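Everything on this sheet refers to the single structure shown next.
Just follow the structure's listing: the first ligand is 1, and inside any ligand the first atom is 1. Every value quoted in this text rests on a predicted model; they were computed, and no experiment measured them.
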Amino acid sequence: MNLPIRPRRNRQSPAIRDLVRETEVTPGHLIYPLFIQDGSADTPIDSMPGCQRWSLSGLVKEAGEAHALGIPAVVLFPRIPDDQKTPLAEESFNPDGLVPRAIRALKSAHPTLTVITDVALDPYNSDGHDGIVAPDGRILNDETVEVLCRQALCHAEAGADIISPSDMMDGRVAAIRAALDQAGFTGVSILSYTAKYASAFYGPFRGALDSAPKSGDKKTYQMDPANTREAEREARLDEAEGADILMVKPAGAYLDIIARLRATTMLPIAAYQVSGEYLMIKSAAASGWLDEKKIVHETLLSIRRAGADMILTYFAKSFASDWKK
Ligand code: PBG
């Protein structure tokens, strides 16, 4: 064939493939989500094989190992006992609560590890919703934002580096920014769950924390999976309200949303490979039909290729320990 243009020339050896590769994923791009609980036991999570709910000492050890492998940050998710859950979620801003104690333990053991905290009421709220539920079942926006601000301040006072509101209430980024600044925490960042969809992929996470809504669903605050333009609208608002980083969640089924936000914002973008995405890979690999390491690498690479700067993934530590092997 008379073919002057042969794209395969750029794929002909590992060395050339290295030179032309457009996207990379390294441990430095990853954020490791960790579940925590009170007490001295580390408990395996049935709905997420390979994940544990860590005691504080287990957390410090696990986070330290991940950090030593090159993971720059962790994000904390607490399991709160039922007797501490209330309709107004007061435990969410208890300065001696589980999350503030975990932040202090992590920052004193690993000063260079970035500690991110999730801000939302669902682990603390007896109704299992991210916001306060009115007697008629509505989720109250403005009343919830006041509690989220107290929760964010409580985390900042304990030493959190980044506050990450996952609740999807309107106006919470601006309110949290103002509350942090007023208290002198101008250096504490906000990683906003900007486009968080009402997704069935969160099922295993709610199992891990016993945090499923007691009634109704989250569709009046989380986004409709059918919508794209709405994600851009949320992104513009979060940017104007002072968010430092925008998040898309879930990741794998929402790569188009990541790409769209990448094209419209100058801010860094995070994507969350959520519990259902984790479980699908784990289950398929357990059956022996998929190669876990290769699938994890390919999914993370795809999320990066779509435009994410950083990825929250339960595979963070295992990816980092396999990296370059
Ligand atoms: C709660 C929260 C959820 C996740 C992160 N923060 C669950 C939900 O919104 O119901 C899901 C994470 C995952 O599935 O891995 N605010």
For ligand 1, which atoms sit closer than 4.0 Å to a heavy atom of F77?
5 (C), 6 (N)
Hey, would you say the Y314 and F35 ring centroids sit under 6.0 Å apart?
yes
What's the shortest distance from atom 1 (C) of ligand 1 to any protein heavy atom, and which residue and atom give it?
D122 OD2, 2.8 Å
I'd like the name of whichever of F205, Y202, F35, Y197 reaches closest to atom 3 (C) of ligand 1 through any heavy atom.
F205
Is the number of heavy atoms from other residues, nucleotides or ligands within 6.0 Å of NZ (K214) greater than 12?
yes
Measure up the F205 and F77 rings against each other and bin them: parallel (under 30°), tilted (30 to 60°), perpendicular (over 60°).
perpendicular
Report, in ascending order of atom number, the atoms of ligand 1 lying under 4.0 Å from any heavy atom of K249.
2 (C), 3 (C), 4 (C), 5 (C), 6 (N), 11 (C), 12 (C)
Numbering the atoms of ligand 1 from 1, which are under 4.0 Å from a heavy atom of Y272?
12 (C), 15 (O)
for atom 14 (O) of ligand 1, nearest protein heavy atom and its distance come out as S275 OG, 2.7 Å
For E239 and T265, which I'm curious about, is there any donor-acceptor pair between the side chains at under 3.5 Å?
yes
Cation-aromatic face contact K218/Y197, 6.0 Å, 45 degrees:
no
Is the side chain of R53 donor-acceptor paired with the backbone N or O of T43 at a distance under 3.5 Å, no angle test?
no
Top protein contact for atom 2 (C) of ligand 1, by heavy-atom distance:
K196 NZ, 3.3 Å
Among protein heavy atoms, which lies nearest atom 16 (N) of ligand 1, and at what distance?
S166 OG, 2.8 Å
Minimum-distance protein heavy atom relative to atom 8 (C) of ligand 1
K218 NZ, 3.3 Å
Ligand-residue contact atoms, ligand 1 with Y314, heavy atoms, under 4.0 Å:
12 (C), 13 (C), 15 (O)
Honestly, for A120 the part within reach of ligand 1 (heavy atoms, under 4.0 Å) is side chain
Go through the side-chain N and O atoms of S55 and D42 and say whether any donor and acceptor fall under 3.5 Å apart.
yes
Do T86 and E91 pair up side chain to side chain, a donor and an acceptor below 3.5 Å, judged on atom types alone?
no
If the contact criterion is a heavy-atom separation under 4.0 Å, does D167 count as touching ligand 1?
no
Let me see the working for D122 and R206 under salt bridge (charged side-chain N to carboxylate O under 4.0 Å, His left out), right down to the final yes or no.
CA-CA 10 Å; D122 52 321; R206 294 177 191 171; over 6 Å; no
Taking the non-hydrogen atoms of E277, is any one of them nearer than 4.0 angstrom to ligand 1?
no
Could you tell me whether Y278 approaches ligand 1 through its side chain, its backbone, both or neither, with non-hydrogen atoms closer than 4.0 Å?
neither
